[in-house]
Undergrad: 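Handing you a structure now.
Order of the sequence lines fixes the chain letters, A, B, ..., with proteins taken first and strands second; residue numbering starts at 1 for each chain.
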There are 2 protein chains.
Amino acid sequence: MNDLATELKALADPVRLSILEFLLDPVQTCCASDEGVCACDFETILGLSQPTVSHHMKLLVQAGFVRARKRGRWVYYDLNREAFGALQKVLSRFASLPVLERG
Amino acid sequence: MNDLATELKALADPVRLSILEFLLDPVQTCCASDEGVCACDFETILGLSQPTVSHHMKLLVQAGFVRARKRGRWVYYDLNREAFGALQKVLSRFASLPVLERG
DNA sequence: CAAACTCATTGACATATTTATATCTGTCTA
DNA sequence: TAGACAGATATAAATATGTCAATGAGTTTG
């Protein structure tokens, strides 16, 4: 299937958008660290079961929008901002405004 | 449901991405006019039935990415570039690069 | 007005997606 | 090493989505 469609599908879900919003501005949670937000925190934040959270995180990581780092028993997540920049650039073909280039 | 998720969902489909690609750079087709691309042309371009095309166009129009104009029996479509610009701006919150502002 | 034409809607069906329960894997610690 | 713990995977159910055949609605034209 189209690669771009897969990426967009990863974003096109209210739960996953909530996850991204939280990663954008994480409030202090029980397992938080400077590594990122712990997987277990999303269960309480989203009110969803552990496997459901795991499923959504997997999609976001596979699409490249989120990075996962395993530390012992825990997995910490944070945003991969470059992926969003790349998507913006793809969309710029359709938009009237170009994306600002660095440098 | 989340409004942004609905918009992204409208983009997150290979067929609809093909439609947008074609609207970005329309080659001459049987019913084309300066009004845009005729609905009937997409059937041959996409190899899909007329109701299926109608369904996809409806989603794209509802999400705001495409404009539809009825002229007699025909409906002509074209891109709504402002909608893509708005989406870029939403994504800029997550991206490392901001969207270039006009003016 | 009737027939033809373009597109929209309805109904049906197959596939995909979201979610949870149960279970498995890997890691830590007592 | 045994038990507890964090997260992944398998399975299953409910819902959503993509597709087409049939039909409906509005427009043009003979």
Side-chain angles (χ1 to χ4, degrees), chain A residues 1-20 22-23 29-33 35-63 65-78, chain B residues 1-20 22-23 29-33 35-63 65-78:
Chain A
M1 204 233 281
N2 195 322
D3 206 39
L4 176 57
T6 305
E7 281 184 38
L8 289 165
K9 210 171 278 191
L11 293 184
D13 178 85
V15 169
R16 291 193 288 276
L17 287 175
S18 298
I19 291 171
L20 294 172
F22 188 81
L23 288 174
T29 52
C30 72
C31 306
S33 88
E35 297 263 18
V37 178
C38 177
C40 64
D41 288 329
F42 285 112
E43 298 178 41
T44 47
I45 291 165
L46 302 169
L48 292 171
S49 69
Q50 178 267 316
T52 299
V53 170
S54 184
H55 165 71
H56 286 298
M57 298 316 291
K58 184 179 181 179
L59 292 183
L60 286 172
V61 169
Q62 282 177 340
F65 295 113
V66 167
R67 273 183 303 244
R69 266 184 303 261
K70 190 163 188 183
R71 290 285 176 273
R73 283 181 287 185
W74 291 272
V75 177
Y76 293 102
Y77 297 99
D78 69 337
Chain B
M1 203 231 283
N2 195 322
D3 207 37
L4 176 57
T6 304
E7 280 184 38
L8 289 165
K9 211 170 277 191
L11 294 184
D13 178 86
V15 169
R16 291 194 288 277
L17 287 175
S18 299
I19 291 171
L20 295 172
F22 188 81
L23 288 174
T29 52
C30 73
C31 307
S33 88
E35 297 264 17
V37 178
C38 178
C40 64
D41 288 328
F42 285 112
E43 298 178 41
T44 48
I45 291 165
L46 301 170
L48 291 172
S49 70
Q50 178 269 316
T52 300
V53 171
S54 184
H55 167 71
H56 287 299
M57 298 316 291
K58 184 179 180 179
L59 292 182
L60 286 171
V61 169
Q62 282 178 340
F65 295 113
V66 167
R67 274 182 301 243
R69 266 185 302 262
K70 188 163 188 182
R71 291 285 177 272
R73 281 180 289 185
W74 291 273
V75 177
Y76 294 102
Y77 297 99
D78 70 337

Undergrad: Please classify the nucleic acid contact of B:Phe42 as base, sugar-phosphate, or nothing, using heavy-atom distances under 4.0 Å.
TA: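 Since no nucleic acid heavy atom lies under 4.0 Å of B:Phe42, the category is nothing.
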Undergrad: Taking CE from B:Met57 and C1' from D:dT19, how many angstroms apart are they, rounded to a whole number?
TA: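 Interatomic distance, CE of B:Met57 to C1' of D:dT19: 17 Å.
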Undergrad: Give a yes/no answer on whether the side chain of A:Ser54 brings an N or O atom under 4.0 Å of OP1 or OP2 in D:dA8.
TA: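 It does, given that an N or O in the side chain of A:Ser54 lies less than 4.0 Å from OP1 or OP2 of D:dA8.
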Undergrad: Nearest-Å distance, CG (B:Asp41) to C1' (C:dC7)?
TA: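 B:Asp41 atom CG is separated from C:dC7 atom C1' by 13 Å.
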Undergrad: Which heavy-atom pair separates A:Tyr77 from A:Ala68 by the least distance, and what is that distance?
TA: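 The answer is CE2-CB, 3.5 Å.
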Undergrad: Using OP1 and OP2 only, check whether a side-chain N or O of B:Arg16 sits under 4.0 Å from D:dG18.
TA: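 Yes.
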Undergrad: Kindly compute the distance separating CG (B:Asp13) from OG1 (A:Thr6), expressed to the nearest 0.5 Å.
TA: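 Rounded to the nearest 0.5 Å, the CG-OG1 separation comes to 10.5 Å.
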Undergrad: Which comes earlier along DNA chain C counting from the 5' end, the contact point of A:His55 or that of A:Gly72, where each point is its nearest nucleotide?
TA: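 This one resolves to A:His55.
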Undergrad: Could you please name the option among D:dG18, D:dC20, D:dA8 that lies closest to any side-chain atom of B:Thr52?
TA: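 Of the options given, the side chain of B:Thr52 lies nearest D:dC20.
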Undergrad: Classify A:Tyr76 by what it touches in the nucleic acid, base, sugar-phosphate, or nothing, heavy-atom distance under 4.0 Å.
TA: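 The residue A:Tyr76 makes no contact with any strand.
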Undergrad: Could you tell me how far apart A:Arg71 (CZ) and C:dC28 (C1') are, to the nearest whole angstrom?
TA: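 So the CZ-C1' distance, A:Arg71 to C:dC28, works out to 16 Å.
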Undergrad: When you measure from the side chain of A:Lys70, which nucleotide among D:dG26, D:dA8, C:dG26 comes out closest?
TA: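 Within the option list, the nearest is C:dG26.
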Undergrad: Could you state the CD-C1' distance from A:Glu43 to C:dA20, rounded to the nearest angstrom?
TA: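 Computing the A:Glu43:CD to C:dA20:C1' distance gives 12 Å.
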Undergrad: Which of these nucleotides, C:dT6, D:dA8, D:dG18, is closest to any side-chain atom of B:Arg73?
TA: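 The listed nucleotide nearest to B:Arg73's side chain is C:dT6.
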Undergrad: Between C1' on C:dT17 and CD on A:Gln62, what's the gap in Å once rounded to a whole number?
TA: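 To the nearest whole Å, that distance equals 14 Å.
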Undergrad: Can you tell me which nucleotide in D:dC5, D:dT9, C:dA8 comes closest to the side chain of A:Lys58?
TA: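 Selected nucleotide: D:dT9.
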Undergrad: Side chain of A:Leu59 only, heavy atoms from C-beta on: which candidate in C:dT18, D:dG18, C:dA20 is closest?
TA: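 My answer, after comparing the listed nucleotides, is C:dT18.
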Undergrad: Across the strands shown, which category fits B:Val53 at heavy-atom distances under 4.0 angstrom: base, sugar-phosphate, nothing?
TA: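 Result for B:Val53 = nothing.
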Undergrad: Select one nucleotide: of C:dT6, D:dG7, D:dC5, the one nearest the side-chain heavy atoms of A:Cys38.
TA: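 Within the option list, the nearest is D:dG7.
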Undergrad: In terms of side-chain heavy atoms of A:Pro51, which of D:dT9, C:dC7, C:dT17 is nearest?
TA: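 From the listed options, D:dT9 comes nearest.
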Undergrad: State which of D:dG7, C:dT9, D:dA8 makes the closest approach to the side chain of A:Trp74.
TA: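 Nearest to the side-chain atoms of A:Trp74, counting from C-beta on, is D:dG7.
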Undergrad: Decide yes or no for B:His56 and B:Thr52: does some side-chain heavy atom of the first lie under 4.5 Å from some side-chain heavy atom of the second?
TA: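 Yes, at least one pair of side-chain atoms sits under 4.5 Å.
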Undergrad: Send over the distance from B:Asp13 CG to C:dA16 C1', rounded to a whole Å.
TA: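 Those two atoms, CG and C1', are 12 Å apart.
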Undergrad: Tell me: CD of B:Gln50 to C1' of D:dA21, nearest whole Å?
TA: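 My rounded result for the distance is 11 Å.
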Undergrad: Have a look at A:His56 and say if it touches a base, only the backbone sugar-phosphate, or nothing, with a 4.0 Å heavy-atom cut-off.
TA: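 Contact class for A:His56: sugar-phosphate only.
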Undergrad: Backbone N or O of B:Gln50 within a donor-acceptor pair of the B:Ser54 side chain at under 3.5 Å?
TA: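 Between the backbone of B:Gln50 and the side chain of B:Ser54 there is no qualifying donor-acceptor contact (under 3.5 Å).
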Undergrad: Evaluate the side-chain proximity of B:Leu23 to B:Phe42: yes if any heavy-atom separation is below 4.5 Å, no if none is.
TA: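 Yes, their side chains come closer than 4.5 Å.
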Undergrad: What is the distance, rounded to the nearest whole Å, between atom NZ of A:Lys9 and atom P of C:dT15?
TA: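 Distance check: A:Lys9 NZ to C:dT15 P gives 15 Å.
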Undergrad: Keeping the roles fixed (side chain from A:Arg16, backbone from A:Lys9), state whether a donor-acceptor pair exists under 3.5 Å.
TA: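 Yes.
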